[in-house]
A.B. asks: 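One structure, as structure tokens, below. Some questions next.
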Protein chains: 2
Amino acid sequence: MVLKNKDASTEEKIKEAARTVFTQKGYSATRTRDIAEEAGINLALLNYYFRSKEKLFELVMAEKVSELFGVIAPIVNSKKTSLDEKVTLIVDAYITMLSQNPGLPLFVLSEIRNNPEHFGNRIQAGKLLTESFFVKQLIEKRPDIHPLHFIVNILSMSIFPFITKPVLESAGVMNSDQLNEFTEERKILIVKWFKVMIEA
Amino acid sequence: MVLKNKDASTEEKIKEAARTVFTQKGYSATRTRDIAEEAGINLALLNYYFRSKEKLFELVMAEKVSELFGVIAPIVNSKKTSLDEKVTLIVDAYITMLSQNPGLPLFVLSEIRNNPEHFGNRIQAGKLLTESFFVKQLIEKRPDIHPLHFIVNILSMSIFPFITKPVLESAGVMNSDQLNEFTEERKILIVKWFKVMIEA
DNA sequence: AAAAGATTTAATCATTTGATTAAAAACAAA
DNA sequence: TTTGTTTTTAATCAAATGATTAAATCTTTT
């Protein structure tokens, strides 16, 4: 019997094109023909390899959700690092990752908005925000303030510049290189700011 | 000659429905039939009053951009308020406004991402972030740190919870009421945090 | 009331779009 | 080479969708 020997290169070309186009334009604005063109393949091949636009999207989306939330999972659950160390690691991990993939947060957030039912409890991020060891450390340090406030502060200050990238560029505030410089600076600043906030 | 006497009520019903549907699903995922149904009108009326889906969208979008950026314009340009006062006003204005319109930022940001060319320099927000009196006050206070860092901090901490609302709800971290409570708390906290950050 | 104009409706168009099909081409096994 | 299998292509389909049209209804003016 002959093994399935799909040309992995073609399949991967389609998936890569799908990543690009879906992330750039979102599910609804993406035409399967856009993906085919981006991949340099015949339209029918998309269905041959992935059955449907939706199936292909789910594949890409699952990847992107992992990328976005996977960053912090190992950090916030560690029992070996201090509070301050965790903040340093989180900020650094997010800014480094998003510099390579700036469209990621806006993509994931807007697709979840468009179809909240579809994601249901598939997102385990909830537990990271409410049950991780990081949360315990925050409560220990500041029992008077809900830990989510600090988590939102750290994430927002790290991620927000990337979410607003399209506006910053359209409005001529920054170009792509300047944004990277700016967020690189923030790696150190945010940690410093966190330290004074947690004591304030 | 008889004046054009369009039934303003119908026109407004369509515009209102368009606001709802466009904001919820974005331009591409919105069908003109969705808007017609939401407005309770015949599909053809949409074109009768607004020519095309795109024209209607531009109308709504212009409104939404104003809502989103109009909030801060009068505050940051005032010469009568102190730095701290401005921060208090900005945070309060945004959180109050977004509590009534939580989907606004994600909508505007993702539409600009989908079609950056289209917005070009139509967004005057750039000047608010680079040339306002608020910026001068920030530089005066902390000439060593780019003022945009502080502006991003204030805006991100205020707006980010609303951007992530769909995730927070899907993941079961918070429901809508809890989010309002949470952001209401932040009105005071963010100002406090800003004060220690600007001194740090 | 009659005429003129504005608004609304049902039906229909043309295009786009996701998907399928049948045949061709490429490849592997014998 | 021959045979069978996988991959690719061009052509086509059916449904969805933005838009238009022509007729019907309602409103205003005279």
Side-chain angles (χ1 to χ4, degrees), chain A residues 1-62 64 107 110-111 114-115 117-118, chain B residues 1-62 64 107 110-111 114-115 117-118:
Chain A
M1 171 219 171
V2 180
L3 284 177
K4 244 191 186 180
N5 189 18
K6 285 183 185 173
D7 181 3
S9 161
T10 298
E11 191 171 338
E12 189 47 45
K13 261 197 298 180
I14 298 173
K15 221 193 278 184
E16 185 54 31
R19 286 186 195 104
T20 304
V21 182
F22 277 137
T23 307
Q24 234 166 56
K25 325 212 300 177
Y27 178 80
S28 284
T30 295
R31 315 287 155 229
T32 52
R33 283 163 177 82
D34 300 338
I35 298 175
E37 192 185 5
E38 173 82 20
I41 52 115
N42 185 290
L43 170 60
L45 280 180
L46 189 151
N47 297 81
Y48 177 74
Y49 281 103
F50 298 97
R51 299 272 307 165
S52 70
K53 178 189 178 185
E54 203 180 332
K55 287 266 198 317
L56 178 53
F57 175 76
E58 300 212 12
L59 221 72
V60 171
M61 189 60 178
K64 295 295 173 186
F107 168 67
S110 55
E111 293 303 330
N114 286 356
N115 214 341
E117 326 81 44
H118 185 280
Chain B
M1 172 220 169
V2 180
L3 283 176
K4 247 191 182 180
N5 188 17
K6 285 181 182 175
D7 180 5
S9 160
T10 297
E11 193 172 336
E12 189 47 46
K13 264 195 296 181
I14 298 174
K15 221 192 280 181
E16 184 56 30
R19 286 186 195 105
T20 304
V21 183
F22 277 137
T23 307
Q24 238 167 53
K25 324 212 297 178
Y27 178 79
S28 284
T30 296
R31 316 286 154 227
T32 52
R33 283 162 176 82
D34 300 339
I35 298 175
E37 191 184 8
E38 173 81 21
I41 52 115
N42 186 290
L43 171 60
L45 280 179
L46 189 150
N47 297 82
Y48 178 73
Y49 282 103
F50 298 97
R51 298 272 308 168
S52 71
K53 178 189 178 185
E54 203 181 333
K55 287 265 196 320
L56 178 54
F57 175 76
E58 299 213 11
L59 221 72
V60 170
M61 189 60 178
K64 295 296 173 185
F107 168 68
S110 54
E111 294 304 329
N114 286 356
N115 215 342
E117 325 80 44
H118 184 280

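The chains referred to below are lettered A, B, ... by the order of the sequence lines, with proteins before strands, and numbering in each begins at 1. Remember, it's a predicted structure, so these values are computed and weren't measured experimentally.
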A.B. asks: Measuring from the side chain of A/Leu45 (C-beta onward, heavy atoms only), which nucleotide among C/dT8, D/dT8, D/dT20 has the closest atom?
C.D. replies: D/dT8
A.B. asks: Between D/dA19 atom P and B/Ile35 atom CD1, what is the distance in whole Å?
C.D. replies: 10 Å
A.B. asks: Determine the contact category for A/Thr30: base if any of its heavy atoms lies under 4.0 Å from a base atom, sugar-phosphate if only primed atoms, P, OP1 or OP2 are that close, otherwise nothing.
C.D. replies: sugar-phosphate
A.B. asks: Base of D/dG18, side chain of B/Arg31 - is there a donor-acceptor contact under 3.5 Å?
C.D. replies: no
A.B. asks: When you measure from the side-chain N and O atoms of A/Thr32 to the phosphate of C/dG18, is any distance below 4.0 Å, counting only OP1 and OP2?
C.D. replies: yes
A.B. asks: Whole angstrom is fine here: how far is it from CG in B/Leu46 over to C1' in D/dT20?
C.D. replies: 13 Å
A.B. asks: Mind calculating the distance between CD1 (B/Ile14) and P (D/dA19) to the nearest angstrom?
C.D. replies: 13 Å
A.B. asks: Hey, does A/Leu43 reach any base, or is it just sugar-phosphate, or nothing, if we go heavy atoms under 4.0 Å?
C.D. replies: base
A.B. asks: Rounding to an integer number of Å, can you tell me how far A/Leu56 CG sits from C/dG18 P?
C.D. replies: 11 Å
A.B. asks: Between atom CE of B/Met61 and atom NE2 of B/His118, what is the distance when rounded to the nearest 0.5 Å?
C.D. replies: 9.0 Å
A.B. asks: Considering only side-chain heavy atoms of A/Lys53, which listed nucleotide, D/dA19, D/dA10, C/dA19, is closest?
C.D. replies: C/dA19
A.B. asks: For B/Phe57 together with B/Phe22, are the ring centres under 6.0 Å from each other?
C.D. replies: yes
A.B. asks: Rounded to the nearest angstrom, tell me the gap between atom CG in A/Asn47 and atom P in C/dT17.
C.D. replies: 15 Å
A.B. asks: Roughly how far, to the nearest 0.5 Å, is the CG atom of A/Asp34 from the CG atom of A/Leu46?
C.D. replies: 11.0 Å
A.B. asks: Starting the side chain at C-beta, find the nucleotide from D/dT6, C/dT9, C/dT17 nearest to A/Tyr48.
C.D. replies: D/dT6
A.B. asks: Roughly how far apart are B/Ile14 CD1 and B/Leu59 CG, rounded to 0.5 Å?
C.D. replies: 11.5 Å
A.B. asks: If you find the nucleotide of DNA chain D closest to A/Ile41 and the one closest to A/Arg33, which residue's nucleotide is nearer the 5' end?
C.D. replies: A/Ile41
A.B. asks: Expressed as a whole number of angstroms, how long is the span from A/Phe50:CZ to C/dG18:P?
C.D. replies: 16 Å
A.B. asks: Please determine if a side-chain N or O atom of A/Asn42 lies less than 4.0 Å away from the OP1 or OP2 oxygen of D/dA10.
C.D. replies: yes
A.B. asks: In whole angstrom, give the distance that lies between atom CG of A/Asp34 and atom P of C/dT16.
C.D. replies: 13 Å
A.B. asks: For the side chain of B/Ala44, starting at C-beta, report the closest nucleotide among D/dT21, D/dA10, C/dT8.
C.D. replies: D/dT21
A.B. asks: Could you state the OH-P distance from A/Tyr49 to D/dT6, rounded to the nearest angstrom?
C.D. replies: 12 Å
A.B. asks: Run through B/Ile41, B/Leu56, B/Thr10 and flag the one making a side-chain contact (heavy atoms from CB on, under 4.5 Å) with B/Tyr49.
C.D. replies: B/Thr10
